[in-house]
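Written out below as structure tokens is the structure these notes cover.
Below, all heavy atoms of this structure are taken into account, side chains as well, without hydrogens, waters or symmetry copies. Residue numbers begin at 1 in each chain, while the letters A, B, ... track the order of the sequences.
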Number of protein chains: 2
Amino acid sequence: MVQQAQSTLGDVARAAGVSLATASRVLNGTASVGPALRDRVLRAAELLAYSPNAHAQALARSSSRTVGVICHDVGDPYFAGIARGVMRAANRHDLQVVLGSTFRDPDREVAYTSMMRGHRVRAMLLIGSGFEDRRRQEGLRRELDRYRATGGRVAVISRHRGLRADAVLPENREGAADLARALLGLGHRRFAVLSGPRLLTTVVDRVGGFLEALADAGVTVERKNIVEGPFTRDGGYAAAQRLIDRGLSVTCVFASTDVMAAGALAALRDHGIGVPGDVSLAGFDDIEMIRDLTPPLTTVALPLEGLGERVLELAMLPERAGRARIERVRGRVVLRASTAPVSGI
Amino acid sequence: MVQQAQSTLGDVARAAGVSLATASRVLNGTASVGPALRDRVLRAAELLAYSPNAHAQALARSSSRTVGVICHDVGDPYFAGIARGVMRAANRHDLQVVLGSTFRDPDREVAYTSMMRGHRVRAMLLIGSGFEDRRRQEGLRRELDRYRATGGRVAVISRHRGLRADAVLPENREGAADLARALLGLGHRRFAVLSGPRLLTTVVDRVGGFLEALADAGVTVERKNIVEGPFTRDGGYAAAQRLIDRGLSVTCVFASTDVMAAGALAALRDHGIGVPGDVSLAGFDDIEMIRDLTPPLTTVALPLEGLGERVLELAMLPERAGRARIERVRGRVVLRASTAPVSGI
DNA sequence: CTGAAAGCGCTTACAG
DNA sequence: CTGAAAGCGCTTACAG
């Protein structure tokens with residue numbers, strides 16, 4: 001294949017025998033141009049396989065139709081669900097998406113925001129949990145503040161400390177509390193919790209809400225029954241494993257995400273512990289796959305695609321002076337077969 | 001928040017009392033600059049929260065560090081696995097990723113390629129099955145040819161008719177044949193196939209390879225036992241449903257993807273049909289979740305993350321004159337509990 | 001309706 | 001080592 005230069009507007013204009021301005025107008029439909037010239041330009045563009053240089057356009061217009069999306073892990077089903085919504089909304093708004101996957105590295109998160117700032121994206125979307133650690137959040141906040149100071153829009157899913165950005169907030173605390181009450185309603189009193197990393201706001205909220213609701217009912221969870229692990233399937237497996245090693249003495253296990261719950265279920269099964277026969281198990285998020293597990297998992301359902309659409313929509317709104325927009329989304333407790341009433345009730 | 005203008009290299013240069021050229025050199029480290037000036041520039045840039053305009057850079061350098069990734073559905077676990085690999089490799093190569101999700105609409109696929117051409121991405125990655133239909137493929141091919149004519153690189157995962165691009169090719173035909181032989185080895189003779197849309201090359205290869213290997217062993221599959229459905233979990237459910245409605249008369253079901261298999265498993269369970277007791281079930285891909293199903297699914301394992309890394313690596317290589325690079329990846333049959341020997345063997 | 005020209009924000013030979 | 005200037009490929013007032 002012989003390498004040719006990509007043709008430019010200049011080439012098109014010359015071939016059509018018109019000025020740059022006219023060619024530009026035809027191709028953008030920004031002003032009326034005589035049908036004869038119009039035709040010649042279109043023909044020339046087609047002939048030359050002209051493709052407008054988006055960088056030049058962005059520069060000349062000083063604006064672009066691009067948004068940045070930053071997530072923890074593109075491979076996670078939680079993100080996959082949300083991403084579907086984001087992409088759908090992006091299609092609708094005719095927006096290009098540049099994607100960053102941080103693999104949970106805060107430095108990379110900052111690097112991405114700064115790269116996206118360089119790209120002059122219209123908006124940046126942060127998907128997924130923030131960090132509790134202020135210092136950790138500091139670099140990110142600086143970058144985002146600079147970005148917003150020049151008109152950039154930021155919208156996030158989940159709680160991000162100190163970001164003051166428009167946010168779609170799954171009500172993790174309340175959802176977990178609802179779940180706790182539902183489980184109490186089934187007669188459970190002895191609980192274990194598979195927590196994700198404590199430095200994630202989502203974890204703090206979910207675990208906190210869960211424990212609080214239990215406490216309100218006079219139920220406390222023993223320290224040894226709160227196990228921490230990575231926010232992954234294998235993290236859930238390992239956490240459940242440790243729980244089992246310590247001697248499983250509860251009737252119900254709450255995993256702070258469905259992904260962890262899936263791992264926990266595998267660990268329980270591998271140890272011959274029946275769910276819900278020997279122990280009940282519940283998760284959070286309602287990712288697609290968990291209804292196909294055996295048993296299907298009880299969870300707090302979040303409308304993942306909807307969250308994705310909403311966060312993009314928020315980002316497309318003009319900044320609101322004063323305070324950020326907060327859109328709370330209440331999770332819905334879905335009782336499935338992985339939780340059962342305590343026998344003897 | 002008061003809206004300020006984003007500062008430019010000119011602002012930095014002025015503040016530092018140097019020329020544009022010097023400021024540019026300092027910030028890019030392209031040439032040595034006296035330590036005094038260097039310092040003033042750095043300080044000014046920091047003070048002004050300077051962020052180089054990536055569009056201006058791309059224009060001036062006439063090149064950018066961006067790649068385009070086009071997939072069928074960001075929400076699909078198959079893509080999620082691959083995307084993880086792509087993002088990892090992109091991080092390594094310091095490449096930005098712009099993402100397109102076609103939701104299986106060929107027109108949107110063309111629209112994305114043309115948008116990415118406009119962005120002058122270094123490379124375009126097409127993830128997932130191509131279409132068998134030549135005409136359908138035509139628009140895409142045109143766009144890609146134009147893109148490559150000007151030095152653009154294209155690499156794909158899976159077979160795409162007539163694209164002649166570098167490719168990572170999962171050996172779908174051989175993998176499916178291997179699986180068929182393994183199942184024959186378990187004593188199965190009566191099979192059903194849950195096919196995806198016939199116009200996808202992946203479907204043709206997998207179903208074709210499977211049936212061929214059976215035929216080689218003198219086993220044919222009745223027409224009514226080949227059911228077609230969308231490439232989704234619900235598609236798998238519906239396809240299995242139809243199979244059941246027709247009176248399930250086989251000992252083994254092959255679903256052309258794991259996602260479909262997961263749906264099929266649910267359908268079978270909902271009808272009280274035991275797997276593998278009443279019927280064996282196998283899929284293809286080895287997406288993460290299927291080992292957590294009950295029973296865990298037999299499948300042909302593809303190294304999804306690896307495919308993602310490889311396709312990016314291929315795209316970063318210079319074009320090879322003459323013929324495209326083809327990297328074949330053999331799937332590995334993994335027998336899990338969803339398939340059992342035929343009873344009476 | 002059409003065009004000449006300035007400008008978007010950089011990089012990079014070319015001189016010195 | 002440093003700077004003046006051309007150029008990257010567009011858009012868009014400003015004139016006519």
Scan residues 32-41 of chain A for pairs that pass side chain to side chain donor-acceptor pair (under 3.5 Å), counting only residues two or more places apart or in two chains.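 Listed by first then second residue: A:D39-A:R43.
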For A:T201, what residues pass the side chain to side chain contact (heavy atoms under 4.5 Å, CB included) criterion, not counting sequence neighbours?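 A:T201 satisfies side chain to side chain contact (heavy atoms under 4.5 Å, CB included) with A:S129, A:E132, A:R159, A:R161 once adjacent residues are dropped.
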Between atom CZ in B:R40 and atom C1' in D:dG3, what is the gap in whole Å?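 Distance, rounded to whole Å: 14 Å.
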Would you mind reading off the distance between B:R14 atom CZ and D:dG3 atom C1', rounded to a whole angstrom?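 For the pair B:R14 CZ and D:dG3 C1', the rounded distance is 16 Å.
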What stems, by residue range, does DNA chain D take part in, given at least 3 consecutive Watson-Crick or G-U pairs under 3.5 Å?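 Runs of three or more consecutive pairs: C:1-3 with D:14-16, C:5-12 with D:5-12, C:14-16 with D:1-3.
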Under a 4.0 Å heavy-atom criterion, the protein footprint on nucleotides 9-16 of chain C, written with B, S and -, is BBBBB---
What I want to find out is whether A:R84 reaches B:D73 closely enough, with some N-O distance under 4.0 Å, to be called a salt bridge.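 Salt bridge present between A:R84 and B:D73.
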Backbone N/O of A:G128 and side chain of A:H160: donor-acceptor pair under 3.5 Å: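 Yes; at least one donor-acceptor contact below 3.5 Å.
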A:R146 side-chain N/O to A:A149 backbone N/O, donor-acceptor pair under 3.5 Å: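 No: the side chain of A:R146 does not pair with the backbone of A:A149.
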Determine whether the side chains of A:Q57 and B:H55 contain a donor N or O and an acceptor N or O closer than 3.5 Å.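 Short answer, no.
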Would you say D:dC1 has OP1 or OP2 under 4.0 Å from some side-chain N or O of B:S32?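 Answer is yes, contact under 4.0 Å.
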Please enumerate all residues that pass salt bridge (Lys or Arg N to Asp or Glu O under 4.0 Å) together with A:R88, with sequence neighbours excluded.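 Counting only residues at least two positions away or on another chain, A:R88 forms a salt bridge (Lys or Arg N to Asp or Glu O under 4.0 Å) with A:E305.
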Can you list the residues that meet the salt bridge (Lys or Arg N to Asp or Glu O under 4.0 Å) rule with A:R108, with sequence neighbours excluded?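 Salt bridge (Lys or Arg N to Asp or Glu O under 4.0 Å) check on A:R108 returns nothing, list empty.
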